Amino acid sequence: MAARLSMQRKDDFLTSLESALAGMDHAFNKEDWKAFLIAHDHFHDAWLDNCENKLLRDEALRLRALTSWHRRYFDFSDIDFKSSLQVHRKILEVVKISSPEEAGKVENIVKENILSAVTRILRATRNEKE
């Protein structure tokens, strides 16, 4: 739903995504993982800023709190920063070429990314291998 709403406000939304991704790129190149994670949160904030569904927004923020806990207690080596950067680039590219009418395509890619991330976090907290 946030993806659909974001696509309706595409210009400001794209600017926010591009700025956050530039921050992720810069931090990745400097191997500044803390800055990378902050820029990563800004990328997701762009989506949340356009979400009018309070329940969805609150749930996303609750999941962020869980991932923050995960980041604090697990080594950064558990996080595949390169893969994260690639996925977020792919999402940005789909947003750029999609029209508001194609918001469902963007929404599906975002859902896949979220489910994959949640699965990795749950496995890590249970010490399971992928």
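Keep in mind that what you see is a predicted model, and the values were worked out from it rather than measured.
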Is there a side-chain contact (heavy atoms from CB on, under 4.5 Å) between Leu85 and Leu21? Walk through the geometry before answering.
CA-CA 8 Å; Leu85 193 54; Leu21 191 60; 3.8 Å; yes
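To the nearest 0.5 Å, atoms CD (Glu112) and CD1 (Ile91) are separated by 9.5 Å. To the nearest 0.5 Å, atoms CG (Asn29) and CE (Met24) are separated by 12.0 Å. Between the CG atom of Asp45 and the CG atom of Leu61 there is a distance of 8.0 Å, given to the nearest 0.5 Å. Between the NE2 atom in His40 and the NE2 atom in His44 there is a gap of 3.0 Å [rounded to 0.5 Å]. For the atom pair CZ (Phe81) and CG (Leu37), the distance works out to 4.5 Å, reported to the nearest 0.5 Å.
Counting only heavy atoms from C-beta outward, the side chains of Phe13 and Asp49 never approach each other to under 4.5 Å. Contact of the Leu14 side chain with the Leu92 side chain is registered, since non-hydrogen atoms from C-beta on lie closer than 4.5 Å.
Here the closest heavy-atom approach between residue Gly23 and residue Ala39 is recorded as C-CB, 3.6 Å.
Scored by the side-chain contact (heavy atoms from CB on, under 4.5 Å) test, Ala22 finds no partners at all (sequence neighbours excluded). In this structure Glu18 satisfies the salt bridge (charged side-chain N to carboxylate O under 4.0 Å, His left out) test together with Lys96, sequence neighbours excluded. His26 is linked by a side-chain contact (heavy atoms from CB on, under 4.5 Å) to Lys30, counting only residues two or more places apart in sequence or in another chain. Applying the side-chain hydrogen bond (donor to acceptor under 3.5 Å, both in side chains) criterion to Glu93, with sequence neighbours excluded, gives no partner residue. By the side-chain hydrogen bond (donor to acceptor under 3.5 Å, both in side chains) test, Asp32 pairs with no residue at all, sequence neighbours left out. The side-chain contact (heavy atoms from CB on, under 4.5 Å) test applied to Ala20 returns His42, Phe43, not counting sequence neighbours.
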